[in-house]
There are 2 protein chains.
Amino acid sequence: MTKDFECMQESYAKEVLREKGLKSTTQRLAVVHILHMSEKLLSIGEIHGGVKDMLGNTGLATIYRTLEMFEDLGIVKRLHFPDGGHGYAFSQGEHVHHMVCVDCRGVFDFSECPAENFDYASVEKQGFRVKDHFIQLFGQCGKCVEAA
Amino acid sequence: MTKDFECMQESYAKEVLREKGLKSTTQRLAVVHILHMSEKLLSIGEIHGGVKDMLGNTGLATIYRTLEMFEDLGIVKRLHFPDGGHGYAFSQGEHVHHMVCVDCRGVFDFSECPAENFDYASVEKQGFRVKDHFIQLFGQCGKCVEAA
DNA sequence: TATTAAATGAGAATAATTTTCAATTAATCC
DNA sequence: GGATTAATTGAAAATTATTCTCATTTAATA
């Protein structure tokens, strides 16, 4: 039975976890919730803070473990900032890319893949086999453009 | 006067440094040398080790400072591994992208931009202004394909 | 060669991440 | 619903990564 207020992301995560024989713990679902609620990239510390607000004390190690696992499962994506830092965003499995606002760290995702029509044959000449790609756009979001 | 054995990368780096009023120190040039010689992504530790082999003792902080600066100058690029780690590759200023072999961590660069013909207008609907992009390909290099 | 601002080294300080292990909990089976 | 069990967690220590400080050194310039 599904709780009324359970969001799609939450049930999606549960499903993925169940398929892999992993447990849907309160902590893991809280991480999904926090990420899904956020309009910007969150650092480990911010996620930890958010989870603690929801559940009371929660070990930081759990957050690390959860995020690593979620990344492997394709539930979250780790994105990067120009300054070398990084943050996490919810990412629902399918092929999705992200734009990051360098001013407010807002994340915006889009499904059109910039490299969709690229002919990898041209870069595969020396025998390299492309298996995956990572694409992230940088720029300013609408609000920050106006504010500037 | 240019030393006979000075490589292009080294003189390129010197030029960029001079333009910005920064010093071409032995340590900085050693970092360029190490990176340029390497066929794979190097970690901070590996770069530090390489520089120490060339120059004798060298502070780790200098390596950090140098790499951060080089990244800002567009001389090196910080790339990422699926496992969350990262490494540095020489990157000569112009628009270049990298492929990383997930087996041997080899780096291969190419100049055709996969996103070259992408129409950013489609993702800029909500007012986001794309300023830059980060693209990195993952796969297996020829050697590792054969070895597998 | 003397001058000077920039850069370095050493190590302390801080931050980030991983590990360990006993206690807890979600899923499963009756 | 309660017992069972393997997975998961929390807490703290251990490890690793990064930054900072400041006295000393060095590259560029005149």
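Numbers restart at 1 for each chain; the letters A, B, ... are given by sequence-line order, proteins then strands.
Between B:Glu146 and B:Lys143 there is no salt bridge, since no side-chain nitrogen of the basic residue lies less than 4.0 Å from a carboxylate oxygen of the acidic one.
Contact of the A:Tyr120 side chain with the A:His133 side chain is registered, since non-hydrogen atoms from C-beta on lie closer than 4.5 Å. Here the side chains of A:Val31 and A:Thr62 are not in contact, with every heavy-atom distance at 4.5 Å or above. Side-chain contact between A:Ser24 and A:Arg18: absent, with no pair of heavy atoms (C-beta onward) separated by less than 4.5 Å. Counting only heavy atoms from C-beta outward, the side chains of B:Val96 and B:His98 approach each other to under 4.5 Å. Using a 4.5 Å cut-off on side-chain heavy atoms (C-beta onward), B:Glu10 and B:His36 make no contact. In this structure, the side chains of A:Gln126 and B:Phe108 stay at 4.5 Å or more apart for every pair of heavy atoms.
In this entry the distance linking NZ of A:Lys14 with P of C:dA26 reads 11 Å, nearest Å. Note: CG (B:Asp83) to P (D:dA17) measures 12 Å, nearest angstrom. Note: CD (B:Glu71) to P (D:dT18) measures 12 Å, nearest angstrom. The nearest whole Å value for the distance from the NZ atom in A:Lys20 to the P atom in C:dA26 is 22 Å. D:dA17 atom P lies 13 Å from atom NE2 of B:His48, rounded to whole Å. In this structure, A:Glu68 places its CD atom 13 Å from P of D:dT8, rounding to the nearest Å. Here the P atom of nucleotide D:dT9 and the CG atom of A:Leu67 are 12 Å apart, to the nearest Å. Counting to the nearest Å, the P atom of D:dT5 and the CG atom of A:Leu22 are 21 Å from each other.
Residues meeting the side-chain hydrogen bond (donor to acceptor under 3.5 Å, both in side chains) test with B:Lys52, sequence neighbours left out: none.
Checking C:dT8, D:dT18, D:dT8 against every side-chain atom of B:Arg78, the shortest atom distance belongs to D:dT18. Comparing D:dA11, D:dT8, C:dA7 by their closest approach to the side chain of B:Lys23 singles out C:dA7.
Each of B:His86 and B:Arg65 was assigned the nucleotide of DNA chain D with the nearest heavy atom; the assignment lying further toward the 5' end belongs to B:His86.
The phosphate of D:dT26 (OP1 or OP2) has no side-chain N or O of B:Gln27 nearer than 4.0 angstrom. At the phosphate of C:dA26, OP1 or OP2 sits under 4.0 Å from a side-chain N or O atom of A:Thr26.
Each end of the helix from C:dT1-D:dA30 to C:dC30-D:dG1 gets its own rotation axis from five pairs of C1' atoms, and the angle between them is 50° to the nearest 10 degrees.
Taking CD1 from A:Ile135 and CZ from B:Phe134, the interatomic distance works out to 10.5 Å, rounded to the nearest 0.5 Å.
Residue-level contact check: A:Arg18 touches neither bases nor backbone, having no heavy atom under 4.0 Å from any strand.
A heavy atom lying under 4.0 Å from DNA chain C marks the following residues of residues 55-64 of chain A, by number: A:Leu60, A:Ala61, A:Tyr64.
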